[in-house]
Amino acid sequence: MMKKTILLLLSLTSISVSAATQKPNIIYILADDLGYNELGSYGQKNIKTPHIDALAKSGIKFSQHYSGSAVCAPTRACFITGQHSGHSQVRNNSAGIFKNPASKKNPAGEGQYPLERGTETIGKVLQKAGYETCAVGKWGLGGPFNEGSPNKQGFDHFFGYLCQRQAHNYFPTHLWRNEKMVELDGNEGGKQLLGKHYAPDLINKEVLEFIDKNHKKPFFLYYATIIPHVSLQVPENDPALAEYRKQWPDEEPYTGNRGYIPNKTPHATYAAMITRMDRYIGNVVAKLKEKGVYENTLIIFTSDNGPTNAGGGGASYFNSAGDLRASKGSLYEGGIRVPFVASWPGKIKPGSESDHISAGWDMLATFAEISGEKLKSKTDGLSILPSLTGKGEQQVHDHLYWELGSQQAVRKGDWKAYRRSGGKVFLYDLSKDIGEKNNLAGKEEKILAEMTELFTSSRTDHKDFRDPAQPRQKKTKKKKGKK
């Protein structure tokens, strides 16, 4: 009897030691087009986000975190590869640069400009470190059936939209599980406002099942929710929708005149979508606690770029960018400065705030340090682990750089420079002018020269994406000859 008791105690001690020494789980949640001012913890008054706000209360929020770009695909590439948009393989939404060929397996020719074979990605680094890796939601970096597929870029499992064009509808005809199309009977797709299967519900279910199956080993979950990207769609029985409709009973319908699906109560729907996303995150936290792994999990919540008014979106109505200038698609602050909340019990001090200047391309270096894995390739990122935990010396960027189409932007300390098509440079002191209203280019010639030089030295050429320093070529109409 004594021997059995000793063996049982040794077994329990072994389990306890194993749990204590297991590498931490990492969950990175990326909202789609969520503005800097759209969370309660960042000042939003009209949209309820209690679960995300609870993460901020239990952890840390950053006031100066930036997305990789101001639109979808390049931001995701910067995050996945640790390269800023002057070095990244993907520097804009592809828009005709790359066409995935249609086939029997992929009849619509889905997929964007793909990541290259051999790319060092967050997924591959964490796989080497012993993590089970999963990506859900919106991918937008290639696939299906090419080198950009998530399964070929370091993710053991994928479920969601491989093609971001398809992610403009929340009731799609299908999703993808790895490289197999999952038909969603009862969804018509196209211009239908409602359907049988709400994709974000299915994606959240997949997340919870992944945690169920993998909680006994370290896992990395990249949760790229498509909310609140338009179209504006949420199930009619959502309790938040009814609540918000009472709040705005006389709002003007969105007719579809600016693209996407019409909606009779756009503001109520938009707010309900964000609150529903917040509820999904609450489900994830509850599942982690149920499985006993919450204490050993780093959860990060952020956004891929600023907000938009397109398709009835609520950027102006909800003051979604706060005091920041511009919105999605712009390299002014409103397009790239985003909320960033992190929670990690016992590691991050509750209620912390940080003004450390960071960006999406810092995540590769951060997660590599957390996992103990060394990077093989050069990264533009710096680990923000010291800022998260308050331990160790935090390295700071000499500068941050962005390019998108004809735009370029540089931030160095408190200074921000912006230009378009290689033209006039605008210079702002963000410590005094977060709204980028006061151009100081004519008063700070030395700083202007330094920042202007960084527009050239911070980037490498890319054969498929235009050099933003070059003026946009004007199309000339051919004159019709006389008959």
Side-chain angles (χ1 to χ4, degrees), residues 26 28-32 36 62-93 113 115-116 119-126 135 139-141 148 153-155 220 222 224 298 300-306 331 333 335-342 354 356-371 373-388 394-404 407-413 416 454-455 457-460 462 465 468:
I26 301 170
Y28 184 82
I29 305 169
L30 187 69
D32 199 340
Y36 186 77
F62 281 53
S63 61
Q64 300 192 85
H65 181 78
Y66 291 91
S67 57
S69 186
V71 293
C72 299
T75 285
R76 286 158 170 72
C78 292
F79 160 65
I80 292 287
T81 67
Q83 305 294 320
H84 65 53
S85 53
H87 295 145
S88 176
Q89 295 173 28
V90 181
R91 304 190 187 187
N92 205 335
N93 289 339
Y113 195 98
L115 294 177
E116 298 171 0
T119 301
E120 185 171 47
T121 66
I122 277 183
K124 290 177 184 177
V125 169
L126 293 176
W139 178 248
L141 295 173
Q153 293 295 342
F155 291 93
F220 168 54
Y222 169 35
L298 167 63
I300 291 173
F301 176 87
T302 186
S303 178
D304 67 343
N305 47 247
L331 295 184
E333 293 290 287
I336 54 177
R337 191 185 291 212
V338 290
F340 184 94
V341 168
S354 175
H356 173 66
I357 302 169
S358 58
W361 55 84
D362 289 329
M363 295 304 103
L364 178 61
T366 303
F367 297 168
E369 183 175 1
I370 290 170
S371 70
E373 194 67 27
K374 296 209 176 197
L375 299 176
K376 291 183 178 179
S377 59
K378 185 179 178 182
T379 173
D380 291 314
L382 298 172
S383 172
I384 64 167
L385 189 58
S387 288
L388 292 173
Q394 177 63 64
Q395 289 182 282
V396 297
H397 287 281
D398 175 75
H399 66 281
L400 301 179
Y401 173 82
W402 299 264
E403 65 180 57
L404 177 62
Q407 302 174 83
Q408 289 177 288
V410 173
R411 176 161 183 183
K412 185 177 176 67
K416 168 87 176 286
L454 290 173
F455 283 138
S457 63
S458 300
R459 71 179 307 276
T460 54
H462 191 300
F465 295 94

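For this chain, numbers begin at 1 and follow the sequence in order.
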Can you label the angle between the H462 ring and the F465 ring as parallel, tilted or perpendicular, going by 30° and 60°? perpendicular
Which residues pass the salt bridge (Lys or Arg N to Asp or Glu O under 4.0 Å) test with R76, not counting sequence neighbours? D32, D304
Between L404 and S69, which heavy-atom pair has the shortest distance, and what is it? CD1-OG, 3.9 Å
Kindly determine whether F367 and E373 satisfy side-chain contact (heavy atoms from CB on, under 4.5 Å), including the steps that lead there. CA-CA 8 Å; F367 297 168; E373 194 67 27; over 6 Å; no
Would you call the rings of H84 and W361 parallel, tilted or perpendicular, where under 30° means parallel and over 60° means perpendicular? perpendicular
Atom pair OG1 (T75) and CD1 (I336), whose distance is rounded to the nearest 0.5 Å: 9.5 Å
Determine whether R91 and P468 make a side-chain contact, defined as any pair of heavy atoms from C-beta on separated by less than 4.5 Å. no
Are Q64 and F340 packed together at the side-chain level, in the sense that at least one heavy-atom pair is separated by less than 4.5 angstrom? no
Please report the closest heavy-atom contact between L375 and V125, naming both atoms and the distance. CD2-CG2, 3.7 Å
Would you call I122 and M363 a side-chain contact if the rule is heavy atoms closer than 4.5 Å? yes
Residues at least two apart in sequence or cross-chain that pass side-chain contact (heavy atoms from CB on, under 4.5 Å) with E116, listed by chain then number, are Q89, T119
Test item: F79 and L141 side chains (from C-beta on) under 4.5 Å apart, heavy atoms: no
So, taking the atom named OG1 in T121 and the one named CD in Q153, what distance separates them when rounded to the nearest 0.5 Å? 5.5 Å
Under 3.5 Å: donor-acceptor pair, side chain of Q395, backbone of L382: no
Check: T302 side chain, P339 main-chain N or O, donor-acceptor pair, under 3.5 Å: yes
Look at the rings of H356 and F62 and say which category their plane angle falls in: under 30° parallel, 30 to 60° tilted, over 60° perpendicular. perpendicular
So CD1 of I80 and CH2 of W139: to nearest 0.5 Å the spacing works out to 4.5 Å
Judged by atom type as modelled, is there a donor-acceptor pair below 3.5 Å linking the side chain of W402 to the main-chain atoms of A70? no
Is a side-chain N or O of T366 found less than 3.5 angstrom from the main chain of I384, in a donor-acceptor match? yes
Where the side chain of R337 meets the backbone of S63, is there a donor-acceptor pair that is under 3.5 Å apart? yes
With sequence neighbours excluded, what pairs up with H399 under the side-chain hydrogen bond (donor to acceptor under 3.5 Å, both in side chains) test? S458
Across all chains, not counting sequence neighbours, the side-chain contact (heavy atoms from CB on, under 4.5 Å) partners of N93 are V71, C72, A73, P74, Q164
Measuring from F301:CZ to L30:CG, what's the distance to the nearest 0.5 Å? 8.5 Å
Keeping the roles fixed (side chain from T379, backbone from G82), state whether a donor-acceptor pair exists under 3.5 Å. yes
State whether the side chain of E369 and the backbone N or O of S383 hold a donor-acceptor pair below 3.5 Å, judged by distance alone. no
K124: salt bridge (Lys or Arg N to Asp or Glu O under 4.0 Å) partners, not counting sequence neighbours: none
Would you call S85 and C78 a side-chain contact if the rule is heavy atoms closer than 4.5 Å? yes
Where S358 and L400 come nearest, the two heavy atoms and their spacing: O-CD1, 4.3 Å
Pair D362, H65: side-chain N/O donor-acceptor within cut-off below 3.5 Å: no
Between S387 and Q394 the two heavy atoms that sit nearest each other are OG-OE1, 2.9 Å
Just so I know, are the side chains of F220 and I370 near enough to count as touching, which here means a heavy-atom distance under 4.5 Å? no
With sequence neighbours excluded, what pairs up with Y401 under the side-chain hydrogen bond (donor to acceptor under 3.5 Å, both in side chains) test? E403, Q408
Quick check: closest heavy atoms across S303 and S67, and the distance to 0.1 Å? O-CB, 3.9 Å
Give the intermediate values and the outcome of side-chain contact (heavy atoms from CB on, under 4.5 Å) for residues E333 and Y36. CA-CA 10 Å; E333 293 290 287; Y36 186 77; over 6 Å; no
Hey, are the side chains of I357 and V396 touching, using non-hydrogen atoms and a 4.5 Å cut-off? no
So which atom in V338 and which in G306 form the shortest heavy-atom distance, rounded to 0.1 Å? CG1-N, 4.4 Å
Measuring only between side-chain heavy atoms, which start at C-beta, is L454 closer than 4.5 Å to K412? yes
